[in-house]
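Worksheet for the structure shown next.
Sequence lines set the chain letters: A, B, ... in the order given, protein chains first and strands last, and positions in each chain run from 1. No hydrogens, no waters, no symmetry mates; every other heavy atom, side chains included, goes into these values. Everything quoted here is computed from the prediction, not taken from an experiment.
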Amino acid sequence: MALTTETLKLAIEKIHSKITPIGDEMNSLDGKLGDGDLGVTLVNGFNNLNGIKDDLPEDTGMALFAMAKSVTAVSGSSFGTLLATALMAAGKNAKGQRAIAWSDIGTPLQAAQDAMIARGGANLGDKTMLDVMDAIIAAVTDIDDPDRLRTAAIKATIQTVEEFRNKPNKIGRARVYADKSIGMDDPGMMALLRLLECL
Amino acid sequence: MALTTETLKLAIEKIHSKITPIGDEMNSLDGKLGDGDLGVTLVNGFNNLNGIKDDLPEDTGMALFAMAKSVTAVSGSSFGTLLATALMAAGKNAKGQRAIAWSDIGTPLQAAQDAMIARGGANLGDKTMLDVMDAIIAAVTDIDDPDRLRTAAIKATIQTVEEFRNKPNKIGRARVYADKSIGMDDPGMMALLRLLECL
Amino acid sequence: MKKLINKPENYVDEVLQGMTAAHPETYKIDGATRRMLRRPTAIAGKVGVISGGGFGHLPVFAGYIGDGLLDACAVGDVFASPDMNPMLEAIQFADQGKGVLCVVGNYGGDRMNFDMACEMAEMDDITATKVIVSDDVAAAGPEEAEKRRGVAGFVFVTKIAGAAAAAGRSLEEVAAAAQSAADNVRSIGVALSSCTVPQAGKPTFDIADDEMEIGMGIHGEPGVRRGRLRPVDEVADEMIDMLLADKPVKNGARIAVLINGLGATPIEELYLLFRRAKQRFETAGAVIAFHRVGNFATSMEMAGASISILHLDDDLETLLKAHAACPFWRN
Amino acid sequence: MKKLINKPENYVDEVLQGMTAAHPETYKIDGATRRMLRRPTAIAGKVGVISGGGFGHLPVFAGYIGDGLLDACAVGDVFASPDMNPMLEAIQFADQGKGVLCVVGNYGGDRMNFDMACEMAEMDDITATKVIVSDDVAAAGPEEAEKRRGVAGFVFVTKIAGAAAAAGRSLEEVAAAAQSAADNVRSIGVALSSCTVPQAGKPTFDIADDEMEIGMGIHGEPGVRRGRLRPVDEVADEMIDMLLADKPVKNGARIAVLINGLGATPIEELYLLFRRAKQRFETAGAVIAFHRVGNFATSMEMAGASISILHLDDDLETLLKAHAACPFWRN
Ligand SMILES: Nc1ncnc2c1ncn2[C@@H]1O[C@H](COP(=O)(O)OP(=O)(O)O)[C@@H](O)[C@H]1O
Ligand SMILES: Nc1ncnc2c1ncn2[C@@H]1O[C@H](COP(=O)(O)OP(=O)(O)O)[C@@H](O)[C@H]1O
Ligand SMILES: [Mg+2]
Ligand SMILES: [Mg+2]
Ligand SMILES: [Mg+2]
Ligand SMILES: [Mg+2]
């Protein structure tokens with residue numbers, strides 16, 4: 001079993017069907033520490049992805065690349081930029097492959113993670129979605145069943161959210177309110193959790 | 001008996017000695033409908049006059065002219081401008097005379113009044129100091145004793161103030177608050193009354 | 001009072017010092033009371049053009065000293081006419097034997113003092129005449145047009161007068177051109193918040209958080225209508241309706257438009273006003289031959305804006321477009 | 001919310017329409033989402049200079065399109081980075097075969113998107129590089145200077161970059177000049193009142209009637225000290241002390257000074273700031289070789305001001321004084 005363009009298309013469909021309530025939740029979460037636009041970013045981003053999902057090329061790398069391009073329209077916000085960056089890096093990494101074995105999924109994920117770190121300038125431990133990504137990468141490596149993969153990723157995400165809850169945000173808009181952010185979940189982390197839950 | 005440069009000098013001295021409380025009263029009166037600067041104008045104006053009173057030329061007309069010039073420094077306000085205008089016109093009218101008979105005092109006063117009307121564009125009845133001036137001119141004509149003259153002028157002024165109290169202001173800053181001005185005494189009229197009372 | 005100032009009583013003089021420090025090639029402080037601002041050196045052989053008025057409206061009045069604009073200006077206290085002495089000093093400086101035109105806003109004190117100053121100048125054998133700007137259509141109906149206050153239209157009249165003088169015209173001709181501009185300019189303002197006179201220390205008027213006042217004067221004089229703030233297109237429409245009702249434009253008529261911020265209104269919002277004004281004036285058949293968007297006649301921290309329209313003829317258009325340069329205006 | 005606007009969601013686009021209606025010879029709206037502003041025609045044979053960033057800071061960013069300044073600019077929503085697409089469009093328009101320099105304020109979103117856009121441009125065989133402006137000394141100490149926000153210093157860096165490009169220099173040289181400007185500019189602001197993001201509808205932050213905040217960012221980011229409003233000379237002194245502590249001036253050093261209003265501060269008060277700044281910088285031994293006083297980098301209706309100092313060398317001074325022209329800047 002492997003990740004293909006078809007898998008990507010299905011994932012977009014699933015997320016898109018539930019994006020409205022997720023958007024509302026994320027707007028209000030982001031509004032507590034940031035500018036309250038994370039939900040808007042997610043909704044617009046997945047609307048765009050939904051619009052191109054039927055035209056994705058069969059090369060998985062190229063499909064990821066096309067997804068990246070359609071997400072750049074929401075790159076005005078940090079999450080959107082990082083999502084586009086991640087998709088682009090994963091796409092470059094997977095270029096030429098029609099399928100990525102589930103057990104190899106850690107490789108493009110790591111490429112995505114590296115690119116997001118390079119682009120965003122945040123460090124692990126800053127309480128961002130990078131910390132969740134890191135936990136996911138560690139959790140999914142070598143699992144080759146998509147259901148177990150999903151469960152492991154969600155578990156890792158929840159653990160990371162809880163682990164960071166009482167730490168301060170160290171980057172992005174929320175940094176300004178570092179003290180206030182103690183005890184609050186990071187919106188970007190929560191967004192990844194909600195997306196995973198859709199799959 | 002007649003008006004001379006010496007009379008003018010004495011009048012300045014008398015008014016100047018009492019100008020501080022008059023100034024306070026006029027500032028607060030003007031503040032109710034206007035910008036509250038009438039007292040400042042009077043204080044500064046008579047300070048200036050006091051500074052030049054010993055250097056006034058003997059020609060009464062020229063003395064009035066010199067007074068006008070020293071008052072122009074407070075001509076930023078309406079009262080100051082009109083005072084300067086009045087003194088200038090009276091000065092022109094009296095030019096060449098070393099003394100003006102008290103019984104002729106109406107002539108330079110009328111010249112002053114005409115010039116103020118021409119300069120300020122107000123009409124009689126607009127509830128300004130012009131209305132007081134008009135009453136004074138009528139009251140003093142042909143009186144040749146300075147004490148009786150003073151009494152007649154004060155009486156005419158008080159009557160005019162009372163007559164206009166319940167009419168609206170029709171010109172200047174107070175016009176904007178025409179309705180509010182009903183029932184209130186016009187600051188310029190009151191200022192003339194206080195000045196006369198000093199003599 | 002929330003102002004970046006020192007002592008209120010020094011406000012005017014210190015701002016003048018700042019202006020001359022920033023633009024020594026344009027402004028010089030002069031006069032017995034240091035309330036006459038002038039160009040560093042007089043320009044020989046032309047009619048002088050001067051102005052004067054209360055402070056707190058920069059660039060009006062003194063800011064418009066410059067090439068093809070004013071030669072000198074008398075500076076009053078905040079919202080108070082200068083006395084006649086700096087006016088006379090301005091006239092004396094600007095006179096180069098060809099006489100002086102005084103561009104004067106229609107306020108009692110300003111008018112009276114310029115009258116006195118012109119009279120005094122005559123004693124020095126200087127011919128000085130006055131053109132009164134009374135462009136605020138909100139201040140009085142057309143039958144009492146002479147009672148209207150002078151507001152941002154001053155800028156156009158000054159530009160025209162300065163250009164006519166720079167072109168070498170006689171005092172009579174300069175005055176005629178300026179008078180023609182004054183006769184053909186109309187303005188209307190809208191205020192959203194009050195300003196504060198430094199020496200007074202509190203806002204000149206109260207206005208609720210959701211209110212605007214159409215037609216309010218630049219010192220807070222009552223306007224024609226106070227009501228709820230509405231979308232800018234509707235506000236612009238109400239203002240432009242008044243301007244066009246007062247003096248309609250014929251099809252193909254050439255006009256100049258000034259969108260003016262009162263001091264605290266972001267330039268972004270002024271562009272929204274221009275956007276609508278352009279649509280409206282063009283729909284009415286006018287051709288916008290000249291326009292400016294910015295802060296040209298202000299009331300310190302008052303929020304709001306004004307729209308001025310100058311109905312052009314060939315001569316006015318030529319003069320309006322002629323070279324001029326000061327820190328706040330250039331063509 | 002007291003603004004002269006229509007629907008908040010149309011605010012940015014309508015202001016752009018107003019700008020292009022007012023200045024069609026300078027600005028043209030372009031791009032798939034109509035969020036790329038550019039000069040009407042590209043100038044052949046020179047390095048392109050572009051910028052981009054959140055809206056609500058006019059003339060920053062897009063207002064500085066003009067001769068000897070920017071060629072094009074990506075326009076975001078209010079206080080939000082544009083996405084990378086209009087940035088890429090701006091790069092593509094500005095590239096004339098000699099590459100493109102992007103002058104970018106130090107904000108996460110702007111940086112990341114310009115990174116992406118430059119990467120994408122490379123796929124089109126366009127060389128595009130970035131210079132980051134991070135001049136706000138209040139945002140971080142000198143040891144973390146790279147964390148500083150970009151504020152009004154952007155104007156100087158843009159002017160330098162535009163002049164270097166207009167002079168025919170190579171991309172490397174243009175970038176080096178701009179980098180030198182960015183390295184040598186320092187700014188500090190003071191806020192007296194908040195702005196309001198139209199879509200948010202209420203003030204971004206609260207500040208009491210007698211308070212000021214020194215060092216507050218142009219989006220309301222916390223500054224270094226909040227306290228009672230004091231006389232402008234003292235406020236200026238505190239700001240200038242910070243600027244000079246961060247990068248001292250040597251005796252005889254030549255500097256450029258920008259006194260910038262945040263949007264709602266009367267020009268009168270900016271002149272008071274300049275008056276004091278001039279005294280202070282000159283007392284410190286500096287020579288003010290260039291200065292400007294006005295609204296150059298704003299935050300809509302925020303009241304307050306900023307002071308920027310650019311430490312000059314011969315090349316920077318020449319470039320700063322070179323010809324440039326846009327509706328908001330001219331030399
Ligand atoms: N530099 C960064 N690196 C990694 N993640 C980041 C960074 N900046 C923000 N994030 C993530 O993005 C989330 C906020 O996204 P978004 O609302 O789009 O940002 P903004 O509105 O501030 O541009 C944060 O909760 C955090 O998880
Ligand atoms: N045009 C005018 N003609 C005659 N008197 C006037 C005129 N305008 C004002 N006044 C008088 O001056 C008084 C106000 O003087 P002042 O406070 O100096 O005026 P302002 O401060 O409005 O310039 C009024 O009470 C009125 O009596
Ligand atoms: Mg956000
Ligand atoms: Mg955002
Ligand atoms: Mg008064
Ligand atoms: Mg007064």
Side-chain angles (χ1 to χ4, degrees), chain C residues 1-7 11-12 14-19 21-23 55-56 58-59 63 190 192-193 195 209-212 229 231-236 259 263-276 278-279 291-295 298-301 303-305 327-328 330, chain D residues 1-7 11-12 14-19 21-23 55-56 58-59 63 190 192-193 195 209-212 229 231-236 259 263-276 278-279 291-295 298-301 303-305 327-328 330:
Chain C
M1 175 170 57
K2 209 151 194 187
K3 285 177 184 283
L4 286 169
I5 63 172
N6 294 309
K7 292 216 184 87
Y11 173 70
V12 175
E14 289 182 351
V15 175
L16 293 181
Q17 287 160 21
M19 287 173 71
H23 312 290
F55 199 70
L58 280 184
V190 59
L192 270 62
S193 76
C195 55
D209 256 3
D210 61 349
E211 275 183 335
M212 62 172 181
L229 183 61
V232 63
D233 281 359
E234 292 175 32
V235 177
I259 304 293
T265 289
I267 181 84
E268 285 88 353
E269 299 178 23
L270 301 182
Y271 280 118
L272 294 179
L273 266 180
F274 180 75
R275 174 179 170 274
R276 183 61 170 189
K278 184 171 191 296
Q279 291 166 358
H291 63 272
R292 288 287 161 102
V293 181
N295 290 345
T298 63
S299 301
M300 296 183 291
E301 67 276 78
F328 302 97
R330 180 187 284 266
Chain D
M1 176 170 56
K2 209 149 194 189
K3 285 178 184 283
L4 286 168
I5 63 172
N6 294 309
K7 291 215 185 87
Y11 173 72
V12 175
E14 290 182 352
V15 174
L16 293 180
Q17 287 160 20
M19 286 173 70
H23 312 290
F55 198 71
L58 278 184
V190 59
L192 269 62
S193 76
C195 55
D209 255 3
D210 62 348
E211 275 184 335
M212 63 172 180
L229 183 61
V232 63
D233 282 359
E234 292 176 32
V235 177
I259 304 292
T265 289
I267 182 85
E268 284 89 352
E269 298 178 23
L270 301 182
Y271 280 118
L272 293 178
L273 265 180
F274 180 75
R275 174 180 171 275
R276 184 60 171 190
K278 184 173 191 298
Q279 291 167 357
H291 63 272
R292 288 287 161 102
V293 180
N295 291 344
T298 63
S299 300
M300 296 184 292
E301 67 276 78
F328 303 96
R330 178 187 285 265

For D:Phe274 and C:His23, run side chain to side chain contact (heavy atoms under 4.5 Å, CB included): C-alpha distance rounded to whole Å, both residues' side-chain angles, the deciding distance at 0.1 Å, then the answer. CA-CA 11 Å; D:Phe274 180 75; C:His23 312 290; over 6 Å; no
Do D:Ile5 and C:Glu268 pass the side chain to side chain contact (heavy atoms under 4.5 Å, CB included) test, and can you show the C-alpha distance, the side-chain angles, and the key distance before you say yes or no? CA-CA 9 Å; D:Ile5 63 172; C:Glu268 285 88 353; over 6 Å; no
Can you check side chain to side chain contact (heavy atoms under 4.5 Å, CB included) on D:Met212 and C:Leu4, steps first, answer last? CA-CA 10 Å; D:Met212 63 172 180; C:Leu4 286 169; 5.7 Å; no
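In this structure, no portion of D:Arg292 lies under 4.5 Å from any heavy atom of chain C. Only the side chain of C:Leu229 comes within contact range of chain D, with at least one heavy atom under 4.5 Å from a heavy atom of that chain.
For the residue pair D:Tyr271 and C:Val15, the shortest heavy atom distance occurs at CB-O, 4.1 Å. Here the closest non-hydrogen pair linking D:Asp209 and C:Lys2 is O-CD, 3.4 Å. The shortest non-hydrogen separation linking D:Arg275 to C:Gly18 is CB-CA, 3.9 Å.
Taking CG of D:Asn295 as the start and CD1 of C:Ile267 as the end, the distance is 8.5 Å to the nearest 0.5 Å. Interatomic distance, CZ of C:Arg330 versus CZ of D:Arg330, reported as 5.0 Å (0.5 Å rounding).
Most heavy-atom pairs under 4.5 Å with chain C, from the set D:Ala22, D:Ser193, D:Ala236, D:Ser299: that is D:Ala22. Interface summary for chain D: among C:Gly304, C:Cys195, C:Gly56, C:Ala305, the most heavy-atom pairs under 4.5 angstrom belong to C:Gly56. Annotation: maximal heavy-atom pairing with chain C below 4.5 Å, among D:Met19, D:Lys278, D:Arg276, occurs at D:Met19. In terms of heavy-atom pairs under 4.5 Å with chain D, the best-connected choice from C:Met1, C:His291, C:Glu14 is C:Glu14. Of the listed residues (C:Gly263, C:Ala21, C:Pro327, C:Pro59), the one with the most heavy-atom contacts under 4.5 Å to chain D is C:Ala21. Your options are D:Gln17, D:Met300, D:Lys3, and the one with the most heavy-atom pairs under 4.5 Å with chain C is D:Lys3.
With hydrogens and angles ignored, the 3.5 Å screen pairs a side-chain donor or acceptor of D:Asn6 with a backbone N or O of C:Asp233.
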